[in-house]
Amino acid sequence: MTTPRYDESSVTVLKGLQPVKERPGMYTHTENPTHICQEVIDNAADEALGGYADTIDVTIHEDGSLSVADNGRGIPVGLHPTEGVSVVELVFTQLHAGGKFNKKDGGAYAFSGGLHGVGVSVTNALSTRLEVTVKRDGGIWTIAFAGGDIVEPLTQSGKCAQKDSGTTVRVWPDAKYFENPHYSLNTLERVLRAKAVLLPGVRVNLHHIPKGESEFTTKTWHYPQGLRGYLDDLIGEAEPAVPLIYAEKYMEEGDFAANEGAAVALTWLEEGSIANESYVNLIPTSLGGTHESGLKQAVFTAVNQFIGHHNLLPRGVKVQSDDVFAHVAFVLSARVLDPQFQGQTKEKLTNRDVLKLVAAALTDPLELWLNQNTEAGKKIAELAIRQAQARMRSVKKIEKKKGSGVAVLPGKLTDCESEDIRENELFLVEGDSAGGSAKLARDKATQAILPLRGKVLNSFEIHRDQLFGNAEIHDISIAIGVDPHGPRDEVDLSGLRYGKIAILSDADVDGAHIQVLLLTLFYTHFPQLIAHGHIYVAQPPLFRVDVNAQGKNKPARKFYALDVQEMNGILDKLNKEGVRENAYSISRFKGLGEMNPDQLKDTTMHPDTRRLQRVTIPAEGHGDTREVFVKLMGKGEAAARRSWMEVEGDKVEVDV
């Protein structure tokens, strides 16, 4: 077998929009072209968010193309001062080119969903044709692209009234990049309705030909009551226990930027499905994030203060955050100057400071409402107390089942106080040193720590009867309260002691190896824990960026980065703020043991600020998952592993 050549000519540099075409899944959803069109809709919505547009028209044409038109300012058509090409050409052909980076000093957009200047250039790259029409300064301008390249240069095609302005973008998505070439009409309607809700006074229209019909029809969304009207639609026929509450506050000065803040409509339901939605600068965040955590904290603080002020809490009952929030239906809209999302698809907000922002903005208005509506406040308190009592009864049932005959817990396990598995968490920590930091960083009420010495045994081909010969595996099984089992076994999970079992290892190659060994153990011998969503992987940061104080108004700051890419994003942000290179320092954590407890708590263990990924196996992906484990962990697969490394070795990210 000949070894593939690897020399200087083997390195390929992707330029322009080529990276998008090579790896479209890194930049957008590839199930269907809806998301690349949503990028265009988001740009029109950002114009409306800034107060420059009051109408957005979306049309699905008969030829399969989609157009988005707004009556905003129109994309500038003049030459860029440094790039030497027209701005409208630049934003559609260059990654990381856009008008949303400069958030200060009179930037074009103070608040926007667009962040990276990536959106519409991705749309352009993945389209067979894209046409842009701009009305601006009394002229009508057009330009057309194919596969991201200009095919019709920018020309003035007509004149218009001086006050007439706006942008129309028409997209023909390239079907070869998508699993399904058709738009998701339900997703489009949900997105457009949300824009109308979150942009008071803006009218959003969708024009298309419904299936089975021959004529265009128009759907229009316009919510005079904003979030309240939208929440009313979401909860449908469910009867709210209290009237809908609306709270809104935007900051003027202090710890946060001017006009940052949040608005929320919420209520409590006694029964029925809970409908929750959240947005950041009009971008829907289906996976939530720190803004939802801030709302949860604000609601708990307000209700808890009300309960204490009116002396409503029965003896022996302690209300927790989840008790208060269990029956809340809400629509939350946060306005953040510089939002940071998890991935380009922007489904989850990750800014840690937004938790404090939303909590600070909404706690006082919610407390005020409760004290002005005492009877409704008492009803909310009653729901929370009832939930707390139900939780406490559940704990007592668990205690009865434990009776006698329980195996002695491992001596190195630092257990938590609570016995409610819905809130209990066990961290399997790499090494005694990291275990010591984790013990000091934990919430002793709900978080337990089990330090592991060295690397766990590769248990992929170990018979179940021989597992307990390994002390680490024995301790893990006894600590979690579940015996090893097979994928088809009927297993008793009633003894499970923790709702979340989190693997916490260093953010380096050795840590990744330990993760794989533990995942192998759970996949092979505790599969029902994965199936029921109990296994998680914690993601500690690899880097810390310490920024010196910048005058009186900007105290010293610390940023944590999961990897090099995220660290580069932080450095780009500091560069845009004008922070000099000698005003900050970068530290690389060699391991969890190097973190002090406060750092470990803030970045990895606190529920509101950590990154914790649930381990799941797609229903259709069991066969593929099994093949990967066989290849990586099977004792007789050395030849297959070598072949795989020879083919894929150039893609590895080496940690030296």
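Given the structure is predicted, the values throughout are model-derived calculations rather than measurements. The chain is numbered in sequence order, starting from 1.
- Remark: His532 pairs with no residue by the ring pair (Phe, Tyr, Trp, His ring centres under 6.0 Å) rule, at least two apart or across chains.
- Listed for the Asp489 side chain is a donor-acceptor partner under 3.5 Å among the backbone atoms of Gly486.
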ask   = Passes side chain to side chain contact (heavy atoms under 4.5 Å, CB included), Tyr536 versus Val615? Steps please.
value = CA-CA 5 Å; Tyr536 292 76; Val615 177; 5.7 Å; no
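- Look at Lys412 and Glu472 and you find a salt bridge, because one of the NZ, NE, NH1 or NH2 atoms lies within 4.0 Å of a carboxylate O, short of that distance.
- Residues forming a salt bridge (charged side-chain N to carboxylate O under 4.0 Å, His left out) with Lys573 (at least two apart in sequence, or on another chain): Asp338.
- Applying the salt bridge (charged side-chain N to carboxylate O under 4.0 Å, His left out) test to residues at least two apart or on different chains, none of the pairs has a partner in residues 349-360.
- The backbone N or O of Phe460 lies less than 3.5 Å from a partner atom in the side chain of Asn458, making a donor-acceptor pair.
- At a threshold of 4.5 Å between non-hydrogen side-chain atoms, the residues His485 and Gln528 count as touching.
- Nearest heavy-atom pair across Ala441 and Leu600 is CB-CB, 4.1 Å.
- For His309, there are no ring pair (Phe, Tyr, Trp, His ring centres under 6.0 Å) partners, not counting sequence neighbours.
- Under the rule for a side chain to side chain donor-acceptor pair (under 3.5 Å), the partners of Arg544 that lie at least two apart in sequence or sit in another chain are Asp546.
- The closest side-chain heavy-atom distance from Val547 to Leu574 is below 4.5 Å.
- Residues Ile476 and Leu450 form a side-chain contact, since some pair of their non-hydrogen atoms from C-beta on lies under 4.5 Å apart.
- Every residue meeting the ring pair (Phe, Tyr, Trp, His ring centres under 6.0 Å) condition with Phe306, not counting sequence neighbours, appears here in chain and number order: His310.
- Side-chain contact check for Asn548 versus Tyr584: every heavy-atom pair is 4.5 Å or farther apart.
- Atom-to-atom distance recorded for Asp323:CG and Gln389:CD is 10.0 Å, nearest 0.5 angstrom.
- Here the shortest heavy-atom pairing between Ala388 and Lys318 reads CB-O, 3.9 Å.
- Pairs engaging residues 292-307 under the side chain to side chain donor-acceptor pair (under 3.5 Å) rule: Ser278-Glu292, Lys296-Asp322 [sequence neighbours left out].
- Listed for the Glu566 side chain is a donor-acceptor partner under 3.5 Å among the backbone atoms of Leu562.
- Note that CG of Leu518 and CD1 of Ile503 are 4.5 Å apart. Values are rounded to the nearest 0.5 Å.
- Under the side chain to side chain donor-acceptor pair (under 3.5 Å) criterion, Asn596 pairs with no residue at all, not counting sequence neighbours.
- Between the side chain of Ser333 and the main chain of Ala263, no donor-acceptor pair closer than 3.5 Å is present.
- With sequence neighbours left out, the ring pair (Phe, Tyr, Trp, His ring centres under 6.0 Å) criterion links Phe330 to Phe325.
- Although no hydrogens or angles enter the test, the distance criterion places a donor-acceptor pair under 3.5 Å between the side chain of Asn281 and the main chain of Val336.
- A donor-acceptor pair is defined here as one N or O able to donate and one able to accept, closer than 3.5 Å; no such pair exists between the side chain of Gln613 and the backbone of Val537.
- Annotation: side chain of Lys558 is not in contact with side chain of Val545 (no heavy-atom distance under 4.5 Å).
- Glu382 is linked by a salt bridge (charged side-chain N to carboxylate O under 4.0 Å, His left out) to Arg386, counting only residues two or more places apart in sequence or in another chain.
- Distance check, rounded to the nearest 0.5 Å: OG1 of Thr267 to NE2 of His327 gives 12.5 Å.
- Contact detail for Val358 and Gly294: the closest heavy-atom pair is CG1-C, 3.8 Å.
- Minimum interatomic distance between Ala247 and Leu362 (heavy atoms only, all atoms of both residues): O-CD2, 3.9 Å.
- Note that CZ of Phe427 and OG of Ser505 are 12.5 Å apart. Values are rounded to the nearest 0.5 Å.
- With hydrogens and angles ignored, the 3.5 Å screen pairs no side-chain donor or acceptor of His525 with any backbone N or O of Pro484.
- Annotation: side chain of Asp364 is not in contact with side chain of Leu366 (no heavy-atom distance under 4.5 Å).
- Side-chain atoms of Arg610 do not come within 3.5 Å of backbone N or O of Thr604 as any donor-acceptor pair.
- Residues Tyr498 and Ala479 share a closest heavy-atom pair of CE1-O, 3.1 Å.
- If you take CD1 on Ile462 and CG on Leu457, they are separated by 5.0 Å, rounding to the nearest 0.5 Å.
- Proximity of a side-chain donor or acceptor of Gln599 to a complementary backbone N or O of Met595 within less than 3.5 Å is not detected.
- For the residue pair Asp420 and Ser418, no side-chain donor N or O sits within less than 3.5 Å of a side-chain acceptor on the partner.
- A search for salt bridge (charged side-chain N to carboxylate O under 4.0 Å, His left out) contacts involving Asp506 returns nothing, not counting sequence neighbours.
- Taking 4.5 Å as the limit, some side-chain heavy atom of Phe526 sits within range of a side-chain heavy atom of Ser477.
- Thr520 contributes a side-chain N or O that, together with a main-chain N or O of Val516, makes up a donor-acceptor pair within less than 3.5 Å.
- Listed by chain and residue number, nothing satisfies the side chain to side chain donor-acceptor pair (under 3.5 Å) test with Asn371 (two or more places apart in sequence, or in another chain).
- Pro339 places a side-chain heavy atom less than 4.5 Å from the side chain of Leu349.
- The two residues Ala238 and Leu269 have their closest heavy-atom pair at CB-CD1, 4.1 Å.
- A salt bridge does not link Glu423 with Arg497: none of the charged nitrogens is closer than 4.0 Å to a carboxylate oxygen.
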